[in-house]
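We count residues from 1, following the sequence as given. Here the structure is a predicted model, which means the values were calculated and not measured.
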Amino acid sequence: MTNVEHFMKRALELASTAAKSGNEPFGAILVKDGKIVFETQNSIHKSSDPTAHAEMSLIREFCHTNQISDLSDYTLYTSCEPCCMCSGAMVWSKLGKLVYSASHSQLQEIAGFNIMISSEEVFEKSPFRPTTHGLILNNEGTKILADYF
């Protein structure tokens with residue numbers, strides 16, 4: 001198992017935990033210098049906060065706690081390609097790299113709904129663009145979504 005797969009496995013574990021605790025099945029971790037520095041999961045239902053997506057919460061909480069706003073030296077691993085809101089947060093935090101499992105279009109196909117603006121579309125029109133790698137452990141990621149939706 002590569003480091004990329006190892007980190008994605010952890011993001012997928014968080015997604016499963018989120019679903020089991022009454023939230024939607026999304027998890028995210030932040031990595032710097034080969035180490036996980038922060039992790040979280042979707043908590044929109046438990047917190048009654050529609051913006052509490054895993055990626056958005058991770059960026060908000062990590063940056064606030066560490067008093068930084070530049071994540072250019074970090075990689076964010078997430079169980080699913082981020083929505084346009086979370087992609088925007090990645091742009092404004094100058095995230096260095098994004099790695100995801102299930103794609104935006106796979107989520108739409110499985111869930112039957114989605115805002116049809118992919119992270120790539122957001123990044124293409126933005127001043128800061130993270131390097132992006134997708135479909136890592138894709139079968140595992142899409143299974144978690146299919147089991148929930």
Side-chain angles (χ1 to χ4, degrees), residues 1-66 71-123 129-149:
M1 178 178 291
T2 67
N3 277 346
V4 170
E5 290 169 333
H6 170 75
F7 292 133
M8 183 56 69
K9 185 175 182 208
R10 180 62 187 145
L12 294 172
E13 289 169 356
L14 290 165
S16 291
T17 300
K20 290 174 187 165
S21 66
N23 287 295
E24 293 185 356
F26 303 101
I29 66 168
L30 193 62
V31 173
K32 183 177 182 186
D33 299 328
K35 295 182 180 158
I36 297 173
V37 295
F38 198 78
E39 60 183 39
T40 192
Q41 57 193 302
N42 180 289
S43 62
I44 63 171
H45 298 307
K46 293 277 183 169
S47 66
S48 298
D49 179 356
T51 69
H53 293 197
E55 304 93 337
M56 183 69 109
S57 295
L58 181 143
I59 292 168
R60 183 186 303 126
E61 293 173 35
F62 182 80
C63 288
H64 177 75
T65 300
N66 293 281
L71 298 179
S72 57
D73 293 331
Y74 295 82
T75 301
L76 194 154
Y77 289 81
T78 184
S79 57
C80 187
E81 181 179 358
C83 71
C84 54
M85 175 184 70
C86 295
S87 297
M90 291 173 191
V91 167
W92 297 122
S93 66
K94 301 176 186 155
L95 180 68
K97 185 175 181 181
L98 167 67
V99 181
Y100 63 86
S101 180
S103 72
H104 177 267
S105 59
Q106 288 172 317
L107 172 62
Q108 192 277 330
E109 185 177 311
I110 291 166
F113 61 90
N114 201 357
I115 296 174
M116 296 310 298
I117 302 169
S118 71
S119 63
E120 287 301 321
E121 289 178 80
V122 173
F123 298 153
R129 298 176 184 134
T131 303
T132 305
H133 297 284
L135 307 179
I136 307 301
L137 299 181
N138 185 251
N139 289 337
E140 294 88 333
T142 54
K143 181 175 181 348
I144 291 168
L145 294 172
D147 288 347
Y148 180 84
F149 290 106

Could you state the interatomic distance from [atom1] ([X]) to [atom2] ([Y]), rounded to the nearest 0.5 Å?
| X | Y | atom1 | atom2 | answer |
| --- | --- | --- | --- | --- |
| T78 | L58 | OG1 | CG | 9.0 Å |
| S118 | Q108 | OG | CD | 12.5 Å |
| H133 | L98 | NE2 | CG | 9.5 Å |
| I115 | C83 | CD1 | SG | 6.5 Å |
| S57 | F38 | OG | CZ | 8.5 Å |
| R60 | H53 | CZ | NE2 | 10.0 Å |

For a quick test of reading the model, state the closest non-hydrogen atom pair linking [X] to [Y] and the distance between them.
| X | Y | value |
| --- | --- | --- |
| C80 | S103 | SG-O, 4.1 Å |
| S87 | P82 | OG-O, 3.5 Å |
| M116 | E121 | O-OE2, 3.9 Å |
| V122 | G88 | CG1-N, 4.1 Å |
| E120 | E81 | N-OE2, 4.0 Å |
| G27 | L14 | CA-CB, 3.9 Å |

I'd like to check [X] versus [Y] (side-chain heavy atoms, cut-off strictly below 4.5 Å). Are they in contact?
| X | Y | value |
| --- | --- | --- |
| M1 | K9 | yes |
| I144 | L137 | no |
| I59 | L76 | yes |
| K143 | N139 | no |

Does the side chain to side chain donor-acceptor pair (under 3.5 Å) test come out yes or no for Q106 and T142, once each step is laid out? CA-CA 7 Å; Q106 288 172 317; T142 54; 5.2 Å; no
Might you work through the side-chain contact (heavy atoms from CB on, under 4.5 Å) test for S119 and M90, ending with a clear yes or no? CA-CA 10 Å; S119 63; M90 291 173 191; over 6 Å; no
Is there a donor-acceptor pair closer than 3.5 Å between any side-chain N or O of [X] and the backbone N or O of [Y]?
| X | Y | result |
| --- | --- | --- |
| K32 | V37 | no |
| S101 | I136 | yes |
| E55 | C86 | no |

Partners of H45 by side chain to side chain contact (heavy atoms under 4.5 Å, CB included), sequence neighbours excluded?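 Only N23, E24, Y148 meet the side chain to side chain contact (heavy atoms under 4.5 Å, CB included) criterion with H45.
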Not counting sequence neighbours, list each pair that qualifies as a ring pair (Phe, Tyr, Trp, His ring centres under 6.0 Å) and has a residue in residues 72-97.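 Qualifying pairs: F7-Y77, F62-Y74.
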According to the interplanar angle, ranging from 0 to 90°, do the rings of F26 and F149 count as parallel (below 30°), tilted (30 to 60°) or perpendicular (above 60°)?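 Tilted.
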Within 6.0 Å of CD in E109, more than 12 heavy atoms from elsewhere: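 Not buried by this count: 12 neighbours or fewer within 6.0 Å.
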SB check R10 E13 (cutoff 4.0 Å):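 A salt bridge links R10 with E13.
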